[in-house]
2 protein chains.
Amino acid sequence: MTNVDYKKEQISNSEWQVMRIVWSLGQTTTNELIKYLNRKETWQPSTVKTLVFRLEKKGYLTDDGVSRGRKFSALISESSAMLEAGDNLFSSMCAMKNGMVLNHLLEELELSKKDIEIMIGTLEKKLPNAAKEVACNCLPGEEGDCK
Amino acid sequence: MTNVDYKKEQISNSEWQVMRIVWSLGQTTTNELIKYLNRKETWQPSTVKTLVFRLEKKGYLTDDGVSRGRKFSALISESSAMLEAGDNLFSSMCAMKNGMVLNHLLEELELSKKDIEIMIGTLEKKLPNAAKEVACNCLPGEEGDCK
DNA sequence: CTTTTAAGTCTACAAGTGTAGACTATAACT
DNA sequence: AGTTATAGTCTACACTTGTAGACTTAAAAG
């Protein structure tokens, strides 16, 4: 069995908040994390420390080993984490309705001109070879689409 | 305090699998669920029963109260569940990179001609008013974008 | 060098999740 | 009516997650 379907440990919601600070600062200390997160969450310093600890254990953060005031940095880029999260979500939902969800997101999310242009390009390139219908994959086996 | 930010209980991963069958069949029994899920998961019948029980408790499923062979049905549509899941994911990630993730999904996911056309329409309508840049909202407070 | 502060580590604990066995009561069969 | 199969309910247990207090030790201050 190859390693292809190896499932990395998830970044939990709270952990995600920590990662975003690290990704933004590039490199950070526990204190800085506590300071920033204090503006967004109501966490005690201990909570942040626990989260950092877990993220290191899961392999998403490392530190420089200095005994006081360690510098942490991410072992995964924000972009790949985001892509993975996106893939993950969509791969577990009904394929037939993915388009609808995407369209909704395109409508609701703030997007830059450039993003929009890129996406139009992507879609236009895709259009010619697109199928009439995407099959529903909700029911294991062959039978019926979801409503 | 209004109810606006009331947080519904999450549908967990395993529960999601159950819901997909219910959504597809419109109405179903425990046995049918066990039968279908048996093709996708390696769950024991008990596992399915637990999942169904939890989904009823969380308010996502109801049954017709018949003592044997109850019929279950969903209390939430698959579409709204999916939309919610999508919103949820994207609202917790970096706004600046949302476009990139969406583009990746547009590239990778199977989409129907019609979906694509709709989305191109959405994007074209959006383009004129789109900003040059979407600000990064990773750091609480004002300072700096994430990389 | 002693004291203090706080960074880092351990422990904790409730709720949620994945997974499933054990038990109970009811419908169906003889 | 008595027996049986099994749908439905309870209980269980390990692991993850959210959240945080307690303890230890090294660095900073006096």
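The structure displayed is predicted, hence computed values, not measured ones. So that the names make sense, note that chain A is the first sequence line, chain B the second, and so on, each numbered from 1.
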At under 4.0 Å between heavy atoms, what does A:R70 touch on the DNA or RNA strands: base, sugar-phosphate, or nothing?
sugar-phosphate

Gap between atoms CG and P, on B:L37 and C:dG18 respectively (whole Å):
13 Å

Atom pair NZ (A:K71) and CG (A:D64), whose distance is rounded to the nearest 0.5 Å:
8.0 Å

Can you check the A:N31 CG to C:dT5 C1' distance for me, whole Å?
12 Å

Measure the CD-NZ distance between B:E9 and B:K58 for me, rounded to the nearest 0.5 Å.
5.5 Å

Working to the nearest 0.5 Å, report the span between CG of B:N13 and CG of A:N88.
7.5 Å

What's the CD-C1' distance between A:Q10 and C:dG16, to the nearest Å?
15 Å

B:S14 side chain N/O closer than 4.0 Å to the phosphate oxygens (OP1, OP2) of C:dT19?
yes

Separation of C:dA12 C1' from A:Q44 CD (nearest whole Å):
15 Å

Quick check on DNA chain D: between A:E15 and B:T29, whose nearest nucleotide comes earlier from the 5' end?
B:T29

Would you give the length of the straight line joining atom CZ of B:R70 to atom OG1 of B:T62, rounded to the nearest 0.5 angstrom?
10.5 Å

Expressed as a whole number of angstroms, how long is the span from A:D63:CG to C:dG8:P?
8 Å

Please round to the nearest 0.5 Å and tell me the distance separating atom OG of A:S79 and atom NZ of B:K97.
4.5 Å

Give A:T30 one of three labels, base, sugar-phosphate or nothing, depending on what nucleic acid heavy atoms sit under 4.0 Å from its own.
sugar-phosphate

Assuming nearest nucleotide by heavy-atom distance, tell me which of A:E41 and B:I34 is located more 5' along DNA chain D.
B:I34

Which whole-number value in Å describes the distance from B:K58 NZ to C:dG16 C1'?
7 Å

How long is the straight-line distance from CD of B:Q44 back to NZ of B:K49, given to the nearest 0.5 Å?
11.0 Å

A:K113 backbone acceptor or donor facing B:K132 side chain under 3.5 Å:
no

So for atom NZ, which belongs to B:K40, do other residues, nucleotides or ligands contribute more than 12 heavy atoms lying within a distance under 6.0 Å?
yes

Using every non-hydrogen atom in the two residues, find where B:W43 and B:N38 come nearest and quote the distance to one decimal.
O-OD1, 4.5 Å

Spacing between B:W16 atom CH2 and C:dG16 atom P, to the nearest angstrom
19 Å

Between N or O atoms, less than 3.5 Å apart, protein on one side and nucleotides 26-30 of chain C on the other: list the pairs.
unit_1: C:dT26; atom_1: O2; unit_2: B:R68; atom_2: NH2; d: 3.3
unit_1: C:dA27; atom_1: OP1; unit_2: B:S67; atom_2: OG; d: 2.5

So where does chain B start and stop touching DNA chain D, 5' to 3', when the test is distance under 4.0 Å to a non-hydrogen atom?
D:dT6 to D:dA12

Nearest-angstrom distance from the residue atom CZ of A:R54 to P of C:dG8
18 Å

When all nucleic acid strands are considered with a 4.0 Å heavy-atom cut-off, which category describes A:T50: base, sugar-phosphate, or nothing?
base

